[in-house]
Amino acid sequence: MALHSMRKARECWNFIRALHQGPDAAPVPQKDAVKRIFSGIQPTGIPHLGNYLGAIESWVRLQDEHDSVLYSIVDLHSITVPQDPTILRQSILDMTAALLACGINPEKSILFQQSQAKTAKEKQSGTMGLLTYPVLQAADILLYKSTHVPVGEDQVQHMELVQDLAQSFNKKYGEFFPVPKCILTSMKKVKSLRDPSAKMSKSDPDKLATVRITDSPEEIVQKFRKAMTDFTSEVTYEPASRGGVSNLVAIHAAVAGLPVEEVVRRSAGMDTARYKLVVADAVIEKFAPIKSEIEKLKMNKDHLEKVLQVGSAKAKELAYPVCQEVKKLVGFL
Ligand SMILES: Nc1ncnc2c1ncn2[C@@H]1O[C@H](COP(=O)(O)OC(=O)[C@@H](N)Cc2c[nH]c3ccccc23)[C@@H](O)[C@H]1O
């Protein structure tokens, strides 16, 4: 299996290299393209504060600001590590419920399941080789001619590859793909509560490091109470020298919708032990309505499945002409 995957991965890279070696085409001036927003999230695990503040919250805003917005539940990406099929199936629906509860509105954006939105003729490419992580991510984005990709800082490296691939393709075949830009929020890297030098992550083995949006109030309080700070009791925002407390201030400001300076001003005279509970309360308050909405949505499996079906059909419709155009440009059609 590993060998087979490696061979497929090599084939995939050769295919991309072959694309780059195509005939030099005269550059066509880039059109003033309409913005198309695209982003994705892995279905494995419940979204955490980092996913929420670094990505999902801005996704909700962007669907109000732009006409063409797609959000993908990237199930193909999640199988780069072993997954139990029954659990994966459930996790896809759980992620759908979580995104809807956070405010993703299928009337305003296309919410779809990555594996279900491949165009019919593309089916033969569903091998692990083509799914090699960053290449698959590039395919996700370019397949819809996306212009803007709202992500956290950890995705910037992947985005650089996507930009390179788009530029190389355009150089050979004429301006076809917009070179997609990242949209980063001020919360582009929410730090682990246990180690402010690391990002908050779903897979952190220290359960106290990561606050999930469905955590109980007690769990949230416990995690913030144990958050790593330093020996200075004052609350200040100095990310370079006081990573722990600054992470708390940044989280607090983001969930309360206040500027950092205001949050620091309001906590004057408070020590960090007391402040941790204030931040925990703000997070509990922010997540409470989302948590109860998730519970409601999870009871209606048919609705969740329908949302994904409709979204996947719409995504497929957008992808098909792009895929055909690429095939024509390359000479496959
Ligand atoms: N601690 C953190 N602070 C701030 N932001 C964070 C933090 N942790 C996670 N994020 C952001 O959450 C989004 C989803 O994360 P994933 O790991 O599922 O995200 C991933 O694993 C992607 N490879 C999924 C993907 C597949 N295809 C795509 C195409 C476009 C954009 C994204 C994708 C991401 O925006 C991520 O940056």
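Numbering of ligands and ligand atoms starts at 1, following listing order.
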*Below 4.0 Å from any atom of ligand 1, is there a heavy atom belonging to M159?*
no

*For the pair S146 (side chain) and L142 (backbone), establish whether a donor and an acceptor sit closer than 3.5 Å, ignoring hydrogens and angles.*
no

*By number and element, which atoms of ligand 1 are closer than 4.0 Å to a non-hydrogen atom of G54?*
4 (C), 5 (N)

*Do ligand 1 and I41 have nitrogen or oxygen atoms that lie under 3.5 Å from each other?*
no

*Looking only at distances, please establish whether an N/O atom of ligand 1 is found under 3.5 Å from an N/O atom of I141.*
no

*Answer yes or no: does an N/O atom from N51 fall short of 3.5 Å to an N/O atom of ligand 1?*
yes

*For the pair F169 and F176, name the ring-plane relationship: parallel under 30°, tilted 30 to 60°, perpendicular over 60°.*
tilted

*Quick one: does K108's side chain get under 4.5 Å of V69's, heavy atoms only?*
no

*Determine the interplanar angle of the Y52 and F287 rings, folded into 0 to 90°, and report it as parallel if under 30°, tilted if 30 to 60°, perpendicular if over 60°.*
perpendicular

*Under 4.0 Å from a heavy atom of M200: give me the atoms of ligand 1 that qualify, with their elements.*
1 (N), 2 (C), 8 (N)

*Pairwise distance CG(L318) to CZ(F112) - rounded to 0.5 angstrom*: 9.0 Å

*Are any of the side-chain heavy atoms of P180 and T147 separated by less than 4.5 Å?*
no

*Answer yes or no: does an N/O atom from G152 fall short of 3.5 Å to an N/O atom of ligand 1?*
yes

*What atoms in ligand 1 come closer than 4.0 Å to a heavy atom of K188?*
3 (N), 4 (C), 5 (N)

*Polar atom proximity, Q42 to ligand 1 (N or O, under 3.5 Å)*: yes

*Looking only at protein heavy atoms, identify the closest one to atom 13 (C) of ligand 1 and say how far it is in Å.*
A55 CB, 3.7 Å

*asked:* Geometry only, no angles: is S39 polar-contacting ligand 1 at N/O separations under 3.5 Å?
replied: no

*asked:* Polar contacts were defined as any N/O atom of the residue lying under 3.5 Å from an N/O atom of the ligand; does this apply to Y133 and ligand 1?
replied: yes

*asked:* Checking S109 against Q63: is there a side-chain donor and acceptor pair closer than 3.5 Å?
replied: yes

_Closest approach of M95 to G45 (non-hydrogen atoms, all atoms of both residues)_ = CE-O, 3.6 Å

*G50 N/O to ligand 1 N/O under 3.5 Å*: yes

_Contact (N/O only, under 3.5 Å) between H158 and ligand 1_ = no

*Identify which one of I87, T80, V81 satisfies the side chain to side chain contact (heavy atoms under 4.5 Å, CB included) criterion when paired with Q83.*
V81

_Starting from atom 25 (C) of ligand 1, what is the nearest protein heavy atom, named by residue and atom, and what distance separates them?_
Q137 OE1, 3.7 Å

